[in-house]
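These figures come from a predicted structure and were not determined experimentally.
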Amino acid sequence: MIDIDWEFITEIVANIATFGALVVSLVALFITVRAYYQSGLPQIVVHIEADPDKNVFLFIVENTGKGVAFELSFSEIDSSIYDEKTVNYIKDTFIERGIPVLVPGGIRSTVISGPSGKLLESKASPVVVSYYVKGFIRSRKKMQETFILDYSSLIGSLIVKSDNHQVKIAIEKIEKDLREIAKAIYKLN
């Protein structure tokens, strides 16, 4: 009969279980550290918005994340989206020059099309944004994302002017009426 050393087998199983627990703990630690790192990264969003008060379309870049984005640059933008009146000024904006630093909650916007509404209903164009983030192990890591600037969802929308716009119109009307009253009083004197 073979004599089985149960104590030795139990010790081997316990050592294997201990090693397995160590491996699981290290993987869990790595995942936790990685999740913590990723929660502190910037989240860059690029989109088009309509400003009904000014009757223009805006190119907007936002950092909705918790980290700082460095050296943002934009490429592959279809220049046909720019209004004829604004195309000469675009080269002086962040679209062409880039953004050195965009902090959490930071927003940059610029007009790309005015009242002429050159934007086409079926137009959609990509934009590639490149930027650097604080690296997990290295000093900085380059990130690159592509966004689709969709104009079709903005065209033909029902737009309501803001309360501030309505107040501005009312004040301008009051100003015009006061000028007329002042002219009438001046004529009476």
Hphob cluster co-occupancy, [X] + [Y], side-chain heavy atoms under 4.5 angstrom:
X      : Y      : value
Val45  : Phe70  : no
Ile60  : Val111 : yes
Leu149 : Phe94  : yes
Val68  : Ile44  : no
Tyr132 : Phe74  : no

Check for a donor-acceptor pair, side chain of Asn63 on one end and backbone N or O of Pro42 on the other, with a separation under 3.5 Å.
-> no
Could you check whether any side-chain heavy atom of [X] comes within less than 4.5 Å of a side-chain heavy atom of [Y], counting everything from C-beta outward?
X      : Y      : value
Ile95  : Ile112 : yes
Gln43  : Glu145 : yes
Leu102 : Val61  : yes
Phe59  : His47  : no
Val23  : Phe19  : yes

Calculate, to the nearest 0.5 Å, the distance between atoms [atom1] and [atom2] belonging to [X] and [Y] respectively.
X      : Y      : atom1 : atom2 : value
Phe8   : Ile12  : CZ    : CD1   : 3.0 Å
Lys134 : Leu41  : NZ    : CG    : 8.0 Å
Leu178 : Ile171 : CG    : CD1   : 11.5 Å
Ile174 : Ile169 : CD1   : CD1   : 12.0 Å
Glu96  : Thr110 : CD    : OG1   : 11.0 Å

Glu175/Arg179 salt bridge by N-O under 4.0 Å criterion = yes
Are any of the side-chain nitrogens in Glu71 or Arg140 under 4.0 Å away from the carboxylate oxygens of its partner?
->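 Here Glu71 pairs with Arg140 in a salt bridge, since their nearest N and O are under 4.0 Å apart.
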Start with the C-alpha distance between Val133 and Tyr37, add both sets of side-chain angles, then the distance that settles side-chain contact (heavy atoms from CB on, under 4.5 Å), and finish with yes or no.
-> CA-CA 11 Å; Val133 299; Tyr37 162 74; 4.1 Å; yes
Among all residues two or more places apart in sequence or in another chain, which pass the side chain to side chain contact (heavy atoms under 4.5 Å, CB included) test with Leu29?
->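 With sequence neighbours excluded, Leu29 shows a side chain to side chain contact (heavy atoms under 4.5 Å, CB included) to Val33, given in chain and number order.
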Closest approach of Pro104 and Gly67, non-hydrogen atoms and distance?
->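 Taking every non-hydrogen atom into account, CG-O, 3.5 Å.
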Nearest non-hydrogen partners of Tyr131 and Leu72, listed with the distance | CB-CG, 3.7 Å
Give every residue pair that meets the salt bridge (charged side-chain N to carboxylate O under 4.0 Å, His left out) criterion with at least one member in residues 4-18, sequence neighbours excluded.
->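 Applying salt bridge (charged side-chain N to carboxylate O under 4.0 Å, His left out) to every pair that reaches into residues 4-18, excluding sequence neighbours, yields nothing.
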Between the side chains of Ser130 and Gln144, does any donor sit under 3.5 Å from an acceptor?
-> yes
Could you pull out all residues at least two apart from Asn15 that satisfy side-chain hydrogen bond (donor to acceptor under 3.5 Å, both in side chains)?
->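 If we apply the side-chain hydrogen bond (donor to acceptor under 3.5 Å, both in side chains) test to Asn15, skipping adjacent residues, there are no hits.
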Derivation of the side-chain contact (heavy atoms from CB on, under 4.5 Å) call for Thr18 and Leu22 = CA-CA 6 Å; Thr18 302; Leu22 174 67; 5.8 Å; no
